[in-house]
Structure formats: C-alpha cells, structure tokens
Amino acid sequence: MKKIVNIGEKIEVVANQNTGSKTSYSMIQDILEDGDIVINMPVLNRYPVVLKAGDVITVIFFRPNGQFSFVAEVKAIIKHDAVYLVRISPKSNIIKSQRRNFYRLKTTAPISIFLLDQYGEPLDNGPVKGTTIDISGGGVKVLLNQEINKGSLINCQISLHDDRQIVVKGKVLRCNKVIEDSIEKYKIGICFLNISEMNRDSIVQYIFQQQMRLRRSGLA
C-alpha cells in the first residue's frame, strides 16, 4: 500500500452511515508496517463524519491515469491531542473506477479557478484566471499563469456558450510548467468531482455545438 498512497495525500471517503453514501474528505496521516493506514476523521461540510470500529468504508484517490479505490475496515478511533484519527485496514484489491469515456474537445474558453481547503470549503483568496485547452464531461485541461499544487481541491467557473457559466468542483491531477512566448505558464489537468447531470449535460451540449460549428466551417 505504501507504493500506492502517500502520507499527506488527500483522499475521499464514502461510508454508508450518516452521510447517505455522500463523499467526505480526509488525509492520510501514517502508513503502518502491517499495512494499516491512519487517516483524519473524514469531514463533510466542515462537520466530522463519525466512524466507529467495524465500519466498512470506500477510500478513493486519484492519479493522472484515473480514479482508484479500495474497501477498508475501521479498526480503531485514536485521539491524538485534540484531533481524532481513524486506523483503517484495507480489505480489497485496489480497483480502477469504471468511468464513462467522454469525448475531449480542444477549445479555448475563459475559466476561473477558486482554491478550496482540504474539507472542500472556499479559501479567502481571489480566483486564478486562465483559459481552457480542452474539455470533456469528465474533466478539463487549463492554461494558467499560476501554479496550483497537484491534489488541490478547486471550484472551476467555466464560461460556455451564450455567456452561460457553470461552476464545477474538481481536483488537480497534474501541473506541468511550460514556456509560451517566453512566459512561464502552467498546464493543469483537472478531473470533475460529483458533477451534476445538469452541468455535465451543459458541457456535452457545448461540445456538440462546437463540433457542429467546426463541421459547418469545414474544420472538422
């Protein structure tokens, strides 16, 4: 497990208790020699998702090639100073989530990135503005003047057709420095998290309309 997840890595936790299977957020604090993992007590909307020994949870983490998960059992609740930690024991193999494959459209559209804290709450800072490189129903690649750390939780405000804007929560999967016109910039790959069907449909409709426009102009 040490080769798969890392201490300090942000993770998502799904527990069929108190949350209605909604996604909560946590962080890996330690990986023990016996393979058990110590995480923060998960949090949803700033409130702890209280777990107890014997609970079964799903742990989700992200890599550049996709979303992965494993099932774990809660072994113990540990109080360290004023913080509650959870010791979990993996009980399944790591699996790659079966996600729909979405067509990725190369397109330039305005985007604003708002940083979130580890619990998914907005930080008190302004947006990082940039442009999209490509977009799909599952994620977006953007070009920014500012670096954003891999693993960061963000809100993406994307301007689509007819001046319509959508806001989608996402996670940074990669951040690569590039030089364009002698200016240092960053290409950032983002996967969408818990995107609503309405927002996904808006993106898919936007892609379809752009494809039709390109076909009419003989560019596709």
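Numbering of residues begins at 1 and proceeds along the displayed sequence.
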Original post:
Can you list the steps and then say if Leu32 with Val38 is a side chain to side chain contact (heavy atoms under 4.5 Å, CB included)?
Top reply: CA-CA 8 Å; Leu32 307 180; Val38 179; 4.2 Å; yes
**OP:** Please report the closest heavy-atom contact between Lys169 and Gly120, naming both atoms and the distance.
**Re:** NZ-CA, 3.8 Å
Original post:
Taking Asn149 for the side chain and Ser152 for the main chain, is one N or O donor matched with an acceptor at less than 3.5 Å?
Top reply: no
Subject >> Tyr186-Ile158 co-clustered via ILVMFWY side chain contacts under 4.5 Å >> reply: yes
Original post:
Quick one: side-chain hydrogen bond (donor to acceptor under 3.5 Å, both in side chains) partners of Thr107, sequence neighbours excluded?
Top reply: Tyr206
Subject >> Contacts of type side-chain hydrogen bond (donor to acceptor under 3.5 Å, both in side chains), residue Glu12, not counting sequence neighbours >> reply: none
Subject >> Distance in Å, Met198 CE paired with Ile195 CD1, rounded so as to fall on 0.5 Å steps >> reply: 10.0 Å
**OP:** Without swapping roles, check the side chain of Arg200 against the backbone of Gly137 for a donor-acceptor pair under 3.5 Å.
**Re:** yes
Subject >> Atom pair CG (Leu153) and CD1 (Ile148), whose distance is rounded to the nearest 0.5 Å >> reply: 11.5 Å
Original post:
Do Phe114 and Asn125 touch side chain to side chain, with heavy atoms closer than 4.5 Å?
Top reply: no
**OP:** Taking side chain to side chain contact (heavy atoms under 4.5 Å, CB included) as the test, write out the residues that go with Val128, two or more places apart.
**Re:** Ile113, Leu144, Gln146
**OP:** With sequence neighbours left out, write down each residue that passes salt bridge (Lys or Arg N to Asp or Glu O under 4.0 Å) with Glu9, or none if nothing qualifies.
**Re:** Arg63
**OP:** If a pair satisfies side chain to side chain donor-acceptor pair (under 3.5 Å) and one of its residues is in residues 78-88, list it, with sequence neighbours excluded.
**Re:** Asp34-Arg87, Asp36-Arg87
**OP:** Applying ring-ring contact (aromatic ring centres under 6.0 Å, His included), name anything that partners Phe68, two or more places apart in sequence or on another chain.
**Re:** Phe61
Original post:
In chain order, what residues pass the side chain to side chain contact (heavy atoms under 4.5 Å, CB included) check against Lys129, with sequence neighbours excluded?
Top reply: Ser112, Pro127
Original post:
Between Ile166 and Leu160, is any pair of side-chain heavy atoms under 4.5 Å apart?
Top reply: yes
Original post:
Hey, what do you get for CG (Asn176) to NZ (Lys150), rounding to the nearest 0.5 Å?
Top reply: 10.0 Å
Original post:
Can you list the residues that meet the side chain to side chain contact (heavy atoms under 4.5 Å, CB included) rule with Ser136, with sequence neighbours excluded?
Top reply: Phe102, Arg104
Original post:
Going through the distances and angles, do Val204 and Ser202 end up as a side chain to side chain contact (heavy atoms under 4.5 Å, CB included)?
Top reply: CA-CA 6 Å; Val204 172; Ser202 294; over 6 Å; no
**OP:** For Thr132, check side-chain hydrogen bond (donor to acceptor under 3.5 Å, both in side chains) against everything at least two apart and list the hits.
**Re:** none
Original post:
Taking atom NZ of Lys75 and atom CD1 of Ile37, what is their separation to the nearest 0.5 Å?
Top reply: 11.5 Å
**OP:** Report yes or no: does Asp55 contribute a side-chain atom to a donor-acceptor pair with the main-chain N or O of Lys52 at less than 3.5 Å?
**Re:** yes
Original post:
Does one hydrophobic cluster hold both Leu123 and Val168, with members joined at side-chain heavy-atom distances below 4.5 Å?
Top reply: yes
Subject >> Separation between CG of Asn155 and CD of Glu121, rounded to the nearest 0.5 Å >> reply: 10.0 Å
Subject >> Full working for side chain to side chain contact (heavy atoms under 4.5 Å, CB included) between Val172 and Ile154 >> reply: CA-CA 8 Å; Val172 175; Ile154 57 176; 4.1 Å; yes
Original post:
When Ile, Leu, Val, Met, Phe, Trp and Tyr are grouped by side-chain heavy atoms lying under 4.5 Å apart, directly or through other members, which residues fall in the same group as Ile133?
Top reply: Leu143, Val178
Original post:
Which salt bridge (Lys or Arg N to Asp or Glu O under 4.0 Å) pairs, counting each pair once, include a residue from residues 185-196, with sequence neighbours left out?
Top reply: none
**OP:** Would you indicate whether the side-chain heavy atoms of Ile60 and Ile11 approach each other to under 4.5 Å?
**Re:** no
Subject >> pair Ile57-Leu51: side-chain heavy atoms closer than 4.5 Å >> reply: yes
Original post:
Residues in salt bridge (Lys or Arg N to Asp or Glu O under 4.0 Å) with Asp30, at least two apart?
Top reply: none
Original post:
Hey, mind stepping through Asn40 and Gln29 against side chain to side chain contact (heavy atoms under 4.5 Å, CB included) and telling me if it holds?
Top reply: CA-CA 7 Å; Asn40 291 103; Gln29 293 295 332; 2.6 Å; yes
**OP:** Indicate, with yes or no, if Ile94 and Val5 share a hydrophobic cluster defined by side-chain heavy-atom contacts under 4.5 Å among Ile, Leu, Val, Met, Phe, Trp and Tyr.
**Re:** yes
Original post:
Ignoring hydrogens and geometry, is there a side-chain-to-backbone donor-acceptor pair from Ser24 to Val43 under 3.5 Å?
Top reply: no
**OP:** Flag the pair Glu147 and Lys177 as a salt bridge only when some basic side-chain nitrogen lies within less than 4.0 angstrom of an acidic carboxylate oxygen.
**Re:** no
Original post:
Can Ile7 be reached from Met41 by stepping across I, L, V, M, F, W or Y side chains whose heavy atoms are under 4.5 Å apart?
Top reply: yes
**OP:** Give the cluster check for Ile111 versus Val167: same hydrophobic cluster or not, with ILVMFWY residues linked at side-chain heavy-atom distances below 4.5 Å.
**Re:** no
Original post:
Which value, rounded to the nearest 0.5 Å, describes the distance between Ile88 atom CD1 and Ile77 atom CD1?
Top reply: 10.5 Å
Subject >> Residue pair Ile39 / Leu85, side-chain heavy-atom distance below 4.5 Å >> reply: no
Original post:
Would a distance-only check, ignoring hydrogens and angles, find a side-chain to backbone donor-acceptor pair under 3.5 Å from Ser92 to Val71?
Top reply: yes
